[in-house]
Amino acid sequence: MITNLPSGVRVDRGQGGLERVLVQRAEVTAELFLHGATLTAWQPRGVDPVLWLSRAAIFHEDKAIRGGVPICFPWFGSRADNPQAATHGFARVMPWTFASAVEDERSGAVVLELTLSSSPETFAIWPHEFRARYRVKIGGKLELELTVTNPGAAPFTYEEALHSYFSVKDVARVRVEGLERSSFLDKLDGFARKRQGSDPVIIDQETDRVYTGNTAATEIVDPVLQRSISIVKDGSRSTVVWNPWIARARALKDFGDDEWREMLCVEAGNVGPDEITLAPGASHTLRKLVSINRL
Ligand code: TA6
């Protein structure tokens, strides 16, 4: 158990009795569950909630939390070599270790650090030794940093994504800037490779795209909330854009039928052709910086 937590930071049990870290400070509030190291809330003072969490989210050790920022690792989507394996890997349904919580002297932000390492349980699913370290810097901006290390004697290849669900007022009225003219894989069309036009991404139907070889910053422009959500990433060559729209939302039991309109996933990761191969002893860090701007 960690002692001497920064002011406004405490550990208790939230929904489903799952252990969580609560950050309640004048300038920012946030909530992170040790289950999957899932950040479920982040709200700087004077700003509408930035992350979306389904009202139907299931808080159970066997289920990924529907919302916030689930961590997809060590694979994304379904596993080619094992279709029975859990979607998006096991990291988002494993208990991470809460390693530290400190206040960043320069910014005043709270930095939480959590870790996940290989175990006989993970080895049985994915036969590689690994160490994962997740740093979440919570202040007026949000910085997410996932570092994976290969402590073993053989290389391994993995996929990853910070599967962030962002809160919007009406997804049919937002646009995502930064992906213009970019190449993407369309999951809804057999992963056909397509190209974004010269216009920003708009959501007017179920949308499930992996923009590959793409390091661009993106911006979710929300004219109703009169804000934009800026996403700058480092160590990431894939951006995933997902909205289930009406039918898919209705088919998901942990997703309210009408909730598709109030969320949009823009995920930073390394997926498919952008997968990462780590030599013995090597590490790789994926970073995602989220900030809010008034329009
Ligand atoms: O990131 C988009 C996606 O891969 C979609 O295909 C959809 O399946 C979404 O992830 C949610 O996946 P989940 O396993 O959490 O229902």
Side-chain angles (χ1 to χ4, degrees), residues 16 33 35-40 51-80 82-94 125-126 144 146 158-168 171 176 179 182 184-194 196 201 203 205-212 214 218 220 229 231 233 236-257 259-275 286 288 290:
F33 282 86
H35 174 60
T38 310
L39 182 70
T40 48
L51 301 178
W52 173 84
L53 182 66
S54 173
R55 291 186 297 274
I58 296 169
F59 287 78
H60 187 275
E61 60 185 16
D62 293 340
K63 180 83 178 111
I65 296 172
R66 178 68 67 192
V69 188
I71 298 172
C72 304
F73 172 83
W75 64 86
F76 184 84
S78 55
R79 207 172 143 186
N82 177 1
Q84 304 308 315
T87 311
H88 291 333
F90 48 67
R92 65 178 188 165
V93 290
M94 296 288 286
I125 303 169
W126 191 66
L144 305 173
L146 177 64
Y158 69 96
E159 295 173 297
E160 59 185 351
L162 297 175
H163 195 296
S164 36
Y165 290 77
F166 290 107
S167 181
V168 298
V171 75
V176 180
L179 297 170
S182 297
F184 65 91
L185 301 174
D186 185 347
K187 184 170 178 181
L188 302 174
D189 186 9
F191 288 100
R193 183 163 288 283
K194 301 179 178 178
Q196 180 69 28
V201 178
I203 308 293
Q205 59 188 306
E206 181 180 359
T207 303
D208 197 346
R209 302 175 181 174
V210 182
Y211 291 80
T212 59
N214 196 305
T218 49
I220 303 172
I229 301 174
I231 302 162
K233 58 180 199 169
S236 162
R237 292 177 50 78
S238 311
T239 293
V240 181
V241 177
W242 178 59
N243 181 277
W245 208 247
I246 302 166
R248 183 97 164 82
R250 189 169 293 136
L252 292 169
K253 66 177 185 309
D254 61 342
F255 202 120
D257 289 356
E259 290 186 313
W260 57 274
R261 193 178 286 277
E262 60 195 50
M263 56 66 68
L264 179 62
C265 286
V266 178
E267 311 159 30
N270 290 291
V271 169
D274 299 323
E275 63 188 8
L286 161 62
K288 183 172 191 176
V290 183

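In this chain, numbering begins with 1 at the start of the sequence shown. None of these values were measured; they are calculated from a predicted model. Atoms within a ligand are numbered from 1 in the order they appear, just like the ligands themselves.
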Mind running side chain to side chain contact (heavy atoms under 4.5 Å, CB included) on V241 and I203 for me, showing each step along the way?
CA-CA 10 Å; V241 177; I203 308 293; 4.2 Å; yes

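- A donor-acceptor pair is defined here as one N or O able to donate and one able to accept, closer than 3.5 Å; such a pair exists between the side chain of S54 and the backbone of A56.
- For ligand 1, the protein residues within 4.0 angstrom (heavy atoms only) are R66, F76, T87, H88, R92, H163, K187, D208, V240, W242, R248, E267.
- At a threshold of 4.0 Å, the pair R248-D208 does not count as salt-bridged, since none of the basic side-chain nitrogens sits closer than that to a carboxylate oxygen.
- R237 pairs by the side chain to side chain donor-acceptor pair (under 3.5 Å) definition with nothing, not counting sequence neighbours.
- Atoms OG1 and CD1, on T239 and I231 in that order, are 8.0 Å from each other to the nearest 0.5 Å.
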For the pair W242 and E267, evaluate side-chain hydrogen bond (donor to acceptor under 3.5 Å, both in side chains) and give the outcome as yes or no after the intermediate values.
CA-CA 8 Å; W242 178 59; E267 311 159 30; over 6 Å; no

